[in-house]
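See structure below.
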Amino acid sequence: MEFAELIKTPRVDNVVLHRPFYPAVEGTLCLTGHHLILSSRQDNTEELWLLHSNIDAIDKRFVGSLGTIIIKCKDFRIIQLDIPGMEECLNIASSIEALSTLDSITLMYPFFYRPMFEVIEDGWHSFLPEQEFELYSSATSEWRLSYVNKEFAVCPSYPPIVTVPKSIDDEALRKVATFRHGGRFPVLSYYHKKNGMVIMRSGQPLTGTNGRRCKEDEKLINATLRAGKRGYIIDTRSLNVAQQARAKGGGFEQEAHYPQWRRIHKSIERYHILQESLIKLVEACNDQTHNMDRWLSKLEASNWLTHIKEILTAACLAAQCIDREGASILIHGTEGTDSTLQVTSLAQIILEPRSRTIRGFEALVEREWLQAGHPFQQRCAQSAYCNTKQKWEAPVFLLFLDCVWQILRQFPCSFEFNENFLIMLFEHAYASQFGTFLGNNESERCKLKLQQKTMSLWSWVNQPGELSKFTNPLFEANNLVIWPSVAPQSLPLWEGIFLRWNRSSKYLDEAYEEMVNIIEYNKELQAKVNILRRQLAELETEDGMQESP
Amino acid sequence: MEHIRTPKVENVRLVDRVSPKKAALGTLYLTATHVIFVENSPDTRKETWILHSQISTIEKQATTATGCPLLIRCKNFQIIQLIIPQERDCHDVYISLIRLARPVKYEELYCFSFNPMLDKEEREQGWVLIDLSEEYKRMGLPNHYWQLSDVNRDYRVCDSYPTELYVPKSATAHIIVGSSKFRSRRRFPVLSYYCKDNHASICRSSQPLSGFSARCLEDEQMLQAIRKANPGSDFVYVVDTRPKLNAMANRAAGKGYENEDNYSNIKFQFIGIENIHVMRNSLQKMLEVCELKSPSMSDFLWGLENSGWLRHIKAIMDAGIFIAKAVSEEGASVLVHCSDGWDRTAQVCSVASLLLDPHYRTLKGFMVLIEKDWISFGHKFNHRYGNLDGDPKEISPVIDQFIECVWQLMEQFPCAFEFNERFLIHIQHHIYSCQFGNFLCNSQKERRELKIQERTYSLWAHLWKNRADYLNPLFRADHSQTQGTFHLPTAPCNFMYKFWSGMYNRFEKGMQPRQSVTDYLMAVKEETQQLEEELEALEERLEKIQKVQLNCTKVKSKQSEPSKHSGFSTSDNSIANTPQDYSGNMKSFPSRSPSQGDEDSALILTQDNLKSSDPDLSANSDQESGVEDLSCRSPSGGEHAPSEDSGKDRDSDEAVFLTA
């Protein structure tokens with residue numbers, strides 16, 4: 001196998017593993033092509049199975065001939081391996097380094113993973129655009145599916161099938177694509193059944209410095225407006241940034257050319273600013289030495305919660321335009337693959353009860369992130385510990401999950417899934433045995449033949465046994481729009497992610513278990529009572545029949 | 001009543017704190033005990049009631065074209081902004097409230113006019129619900145090492161101590177009196193908590209009058225007696241909860257701290273908790289942050305940090321953890337003091353007790369803890385919480401901090417407490433409300449002189465009566481978290497201490513989680529209980545019917561009887577196959593059937609449940625209202641805060657998103 005040359009020392013004995021909140025374990029360390037495994041010689045002791053792709057950075061130290069490797073994972077965990085023998089330690093370290101930074105996607109674990117479970121439902125076909133379209137096609141005939149991007153020729157980051165206004169033909173779409181960043185012409189993101197208003201998303205218009213315009217573009221987005229109605233364009237950049245974008249050929253919609261639309265600028269940060277924010281936050285969470293004031297100032301300085309607040313505010317604004325103002329909206333930033341998707345997907349969490357169910361949320365991730373062309377491969381290549389910062393790395397998806405968690409915290413009974421579900425998605429976005437988050441868009445995923453060669457995350461998650469771990473016991477279907485608070489007092493740090501490895505969760509886990517027990521017991525009783533009632537009713541009718549003649 | 005210059009002002013506007021452009025038009029009433037605002041809107045006639053004793057500050061702001069704004073800040077963190085059309089009316093209201101909010105005699109306080117319609121016997125029973133002599137018995141006292149001392153009979157030795165005190169058996173009256181003369185305000189070392197498993201104890205006192213070199217043989221003997229009362233340890237910790245610098249400064253005034261050389265076998269330890277003035281300013285700063293209109297995240301976090309509030313909370317917790325560890329892990333006794341031994345000492349002793357003993361984490365045990373470490377040991381409630389007009393420099397949120405420490409622990413140990421957050425919030429409310437007599441005055445002596453127990457009612461009985469509202473559904477007496485001592489890390493772990501929005505922003509309902517897990521689970525548990533009962537009844541009935549069926553050929557006519565006996569009417573039979581109706585019949589199940597009509601209100605589950613016990617409303621059942629127009633003498637609660645209006649949420653949200 002091609003990894004053999006990377007593994008100089010496949011096995012070392014007497015390695016000691018240190019992890020937070022666990023006693024140190026001594027055992028044998030094994031390196032395989034995709035895993036780092038520590039197995040103690042005793043039975044029943046826990047082993048470490050770590051995907052190389054989960055490793056974000058490693059440090060090594062030597063004291064005499066005892067080497068220590070500190071492994072920092074993309075899920076923010078830090079573990080330490082004490083390895084006797086300098087040569088072994090160096091070999092292990094260089095192997096880990098090489099194996100955790102494989103540059104070819106097809107060498108990644110999903111291409112080698114063979115599931116140990118029976119696939120009941122193939123997740124690759126769980127959320128087809130046609131099915132999604134059917135969900136609202138009964139309510140409206142103003143939209144159609146377009147196959148204009150079948151060969152990914154019009155827009156490389158769009159899926160082959162998109163939803164567009166019925167009155168706009170494919171030829172017009174091609175023209176609009178040339179006027180929008182990355183060919184990302186406006187497409188339907190969400191249809192609000194209650195009042196027929198829609199969220200569309202796109203890339204920025206390529207107006208440039210000389211105010212270029214595109215009649216088809218204007219026609220396309222106006223086609224979504226009801227007669228006499230106005231819409232809102234939410235630009236996820238500040239006006240300043242949007243203006244600067246003109247110099248690079250980008251820009252924003254001029255009022256003169258889009259008189260029926262009111263533009264609102266909401267500043268959401270992107271790229272390295274987010275990545276640095278994450279790095280600072282995780283550093284603050286890991287530093288136990290500072291005092292209280294220092295902790296708060298470091299939390300503040302990371303700006304993470306500021307980003308959360310900004311993103312949620314923009315999403316609430318979008319939802320408000322739809323539900324309260326009764327106006328359709330178009331959302332874009334620059335490329336339309338990051339902040340745009342954060343806003344469109346969070347607005348749906350607020351507006352659409354279905355997206356608060358497990359299936360619905362999966363569909364949302366599939367539609368608004370994977371199909372919509374969020375470049376997971378680039379954004380999630382590295383996490384909080386990596387030193388080689390690349391411009392395209394950014395925790396955009398993690399911020400989205402954090403925002404969902406914030407809403408879940410404020411409406412703990414309105415979501416079918418629990419916090420673990422969100423944590424699981426975070427983990428798999430960064431390192432996974434499944435192919436779902438590989439590649440940057442549908443076009444890449446097609447070329448990689450992921451559907452044929454890898455397993456979908458949804459195939460695994462949607463098994464009843466797995467689902468139960470992610471199901472919120474408090475869930476009661478809530479068909480209403482939910483309006484979260486965006487006040488700083490209402491937006492705490494997501495401890496389940498950021499303090500996960502720094503504090504014991506024993507007591508919180510126990511509380512969760514207790515909660516489950518209370519509800520399970522109630523359901524059990526309800527079932528018993530129902531059976532008895534039925535039995536009684538049957539007996540009594542029998543009695544009645546016996547008596548009546 | 002003579003202080004009320006104008007009992008009624010019409011066309012007053014109550015400004016919505018979240019979206020100031022919105023204001024409710026209504027009538028403002030001043031009564032002997034409350035400020036009441038009644039909205040004109042005919043369908044709601046919503047009422048907002050503010051107790052005079054809750055008023056912290058009143059601010060008259062510059063008159064504008066719309067009228068004269070009046071800002072009322074309350075001690076329970078409610079903020080009310082009124083706009084009164086006429087400057088003259090505003091001034092009258094202002095002057096009246098200034099006087100009403102600062103009563104000069106205890107008799108003016110609400111508890112002397114509050115009448116919850118209980119007879120004398122019920123009132124008396126209420127006062128004996130929490131019995132400290134029972135508590136000492138529970139600890140295993142008196143025993144071979146500790147005895148009840150009558151040295152403070154008639155408050156002869158120390159007027160801020162209670163009469164019943166436990167001291168080491170070997171401490172003679174001579175030693176006690178001698179020691180008391182060597183301690184600030186004669187607050188000599190006495191027992192606060194005794195751990196019967198290992199004989200270690202927590203004792204409390206005030207600072208010694210040691211100056212730079214003074215000593216007192218009896219005081220040294222007193223500490224030795226405490227050490228001897230714990231055969232398991234050959235030393236005693238002496239914990240001075242002040243910052244070292246403060247303690248040293250006290251030496252110049254002839255006070256100070258114990259010199260290890262003079263006392264045999266003590267280990268002396270400073271744990272720096274700041275004084276009441278620092279704490280007062282810290283809270284003030286934090287409240288300013290809470291009051292900011294649409295603050296940015298940085299404003300908020302920076303302001304929170306700058307207030308130092310969480311650092312102070314942590315300092316108190318650290319001291320409590322240190323003492324709890326000394327007692328439980330080292331088996332050593334601890335003497336705790338600060339300066340006078342009634343503020344920081346009370347905080348630290350009660351936190352340590354709470355960590356050590358699961359009894360204090362129960363509903364009743366927590367009342368006992370406050371009764372013991374705060375009320376009986378002479379925490380100066382009147383001065384600290386400004387019940388009567390007094391020196392503003394004496395005011396400080398000392399017990400508020402303790403209550404927050406408990407909340408912080410509840411967040412970390414969700415199954416460990418029998419009570420919920422609402423219990424803490426309501427206790428905080430009543431410390432300031434003066435609706436019940438428990439927290440009046442500065443000492444037991446003063447309370448006895450005022451005959452508090454004959455003239456007022458006890459909060460503990462009120463809370464106990466409504467205990468269903470205060471239960472933590474996750475608490476189970478046999479759960480591992482409810483057993484024994486808490487094991488807390490001594491490492492910094494700053495992130496464990498969080499801003500308590502449920503307290504400091506509690507009137508901004510929009511900021512709180514809109515669905516309450518606690519209420520949901522309580523409703524489930526209640527349903528479970530009903531199901532258990534029904535199940536039993538059904539099983540019984542089924543058995544009977546089956547028996548009857550066996551004999552049915554013989555006794556045909558008796559078929560209707562079993563159902564009568566098992567307590568089921570025919571109407572029950574008719575719904576036997578529709579379990580949905582069953583849950584629909586239950587009033588107390590708000591979370592499961594959100595009314596589909598009003599979007600936002602359906603989501604706010606806590607409010608309905610709060611009604612029965614919200615402190616704001618229990619106040620109004622019988623009082624001299626002096627308000628003719630108020631047809632409703634017991635307004636429904638939970639609606640007193642302007643921000644609680646659920647119908648308003650949508651606009652308030654809009655404002656937030658747009659301005660942010």
Side-chain angles (χ1 to χ4, degrees), chain A residues 285 288-293 295-297 299-300 305-306 309 313 316-317 320 324 409-414 474 476 478 480-483 485-493 499 503 507-508 510-511 514-515 518-519 521-522 525-526 528-530 532-537 539-540 543 546-547, chain B residues 295-298 300-302 304-305 310-311 314 412-415 473-474 481 491-495 497-499 501 505 510-511 513-515 517 520-521 524-525 527-528 531-532 534-535 538-539 541-542 545 549 552 556 559 576-577 579 591-592 594 599 602-603 649-650 653-654 656-657 660:
Chain A
C285 292
Q288 308 268 319
T289 58
H290 46 59
N291 61 26
M292 192 75 213
D293 290 352
W295 156 244
L296 284 173
S297 71
L299 179 64
E300 191 268 315
L305 291 170
T306 299
K309 184 168 152 58
T313 304
C316 288
L317 176 74
Q320 199 184 307
R324 298 294 182 183
R409 199 191 74 90
Q410 294 186 28
F411 295 89
C413 306
S414 298
L474 300 170
E476 289 277 324
N478 174 357
L480 308 170
V481 176
I482 55 176
W483 298 106
S485 161
V486 295
Q489 288 96 318
S490 314
L491 303 174
L493 177 71
L499 301 177
R503 56 135 165 83
Y507 303 114
L508 302 179
E510 282 173 0
E514 192 65 26
M515 193 167 82
I518 289 170
I519 291 164
Y521 179 56
N522 176 280
L525 280 180
Q526 224 149 27
K528 274 190 194 162
V529 164
N530 284 345
L532 284 187
R533 278 175 180 164
R534 217 169 299 137
Q535 275 182 1
L536 258 177
L539 282 174
E540 275 161 358
D543 280 3
Q546 280 173 2
E547 201 185 10
Chain B
S296 72
M297 189 55 86
S298 290
F300 174 70
L301 289 175
W302 190 84
L304 186 61
E305 181 208 322
L310 288 175
R311 188 185 59 204
K314 184 172 181 297
Q412 294 173 39
F413 298 89
C415 303
L474 297 173
Q481 279 184 39
C493 294
N494 300 294
F495 46 69
Y497 299 99
K498 297 178 285 194
F499 173 72
S501 144
N505 285 113
M511 283 187 194
R514 311 296 178 86
Q515 293 174 319
V517 174
Y520 181 89
L521 289 176
V524 170
K525 279 186 114 169
E527 194 198 43
T528 299
L531 283 170
E532 275 172 343
E534 196 192 345
L535 190 68
L538 283 171
E539 275 168 350
R541 201 162 134 219
L542 200 64
I545 289 185
Q549 279 193 329
C552 73
K556 274 187 186 169
Q559 266 158 3
N577 281 322
S591 54
R592 296 216 146 179
E599 282 195 7
L603 301 169
D649 275 358
R650 96 187 208 195
D653 285 341
E654 280 167 25
V656 172
F657 304 140

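In what follows, every chain begins at residue 1, and chains take the letters A, B, ... in the order their sequences are listed.
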- request: With the side chain counted from C-beta on, respond yes when A:Leu474 and B:Gln515 share a heavy-atom pair under 4.5 Å apart, and no when they do not.
  value: no

- line: The reported gap from CD in B:Glu527 to CD1 in A:Ile518 (rounded to nearest 0.5 angstrom) is 13.0 Å

query: Do A:Pro492 and B:Lys498 come close enough that some side-chain heavy atom pair is under 4.5 Å?
result: no

- prompt: Given side chains that start at C-beta, do those of B:Glu532 and A:Tyr521 come closer than 4.5 Å, heavy atoms only?
  reply: yes

Part of A:Pro412 within contact of chain B (heavy atom distance under 4.5 Å): both

query: Under a 4.5 Å heavy-atom cut-off, does chain A meet the side chain of B:Thr528, its backbone, both or neither?
result: both

- line: All heavy atoms of B:Glu539 vs all of A:Leu532, minimum pair found to be CG-CD1, 3.5 Å

field: Heavy-atom side-chain contact between B:Arg541 and A:Leu536 under 4.5 Å
entry: yes

field: Sidechain-backbone polar pair: A:Ser485 side chain, B:Met511 backbone, donor-acceptor under 3.5 Å
entry: no

message: Any heavy-atom pair between the side chains of A:Arg503 and B:Gln412 that's under 4.5 Å?
response: no

message: Rounded at 0.5 Å granularity, tell me how far CZ in B:Phe413 sits from CG in A:Leu508.
response: 9.5 Å

- line: Minimal heavy-atom distance between B:Cys415 and A:Glu514, with the atoms involved, is SG-CB, 4.3 Å

- request: Find the one option among B:Ser501, B:Pro295, B:Pro473 whose heavy-atom pairs under 4.5 Å with chain A are most numerous.
  value: B:Pro295

task: Can you tell which part of A:Leu491 gets under 4.5 Å to a heavy atom of chain B, answering side chain, backbone, both or neither?
output: both

message: Between B:Tyr497 and A:Leu296, is there a side-chain heavy-atom distance shorter than 4.5 Å?
response: no

field: A:Ile482 and B:Arg514: CA distance, side-chain angles, deciding distance, side chain to side chain contact (heavy atoms under 4.5 Å, CB included) verdict
entry: CA-CA 9 Å; A:Ile482 55 176; B:Arg514 311 296 178 86; over 6 Å; no

query: Rounded to the nearest 0.5 Å, what separation is found between the CD atom of A:Glu300 and the OG atom of B:Ser296?
result: 8.0 Å

- prompt: Going by heavy atoms in the side chains, are A:Thr306 and B:Ser298 under 4.5 Å from each other?
  reply: yes

field: Side chain, backbone, both or neither of A:Leu499 within contact of chain B (heavy atoms, under 4.5 Å)
entry: side chain

query: Does B:Phe300 reach the side chain of A:Gln489, with side-chain heavy atoms less than 4.5 Å apart?
result: yes

query: Between NZ of A:Lys528 and CG of B:Leu538, what distance do you get to the nearest 0.5 Å?
result: 12.5 Å

message: If you compare all heavy atoms of B:Leu521 against all heavy atoms of A:Met515, which two are closest, and at what distance to 0.1 Å?
response: CD1-CG, 3.6 Å

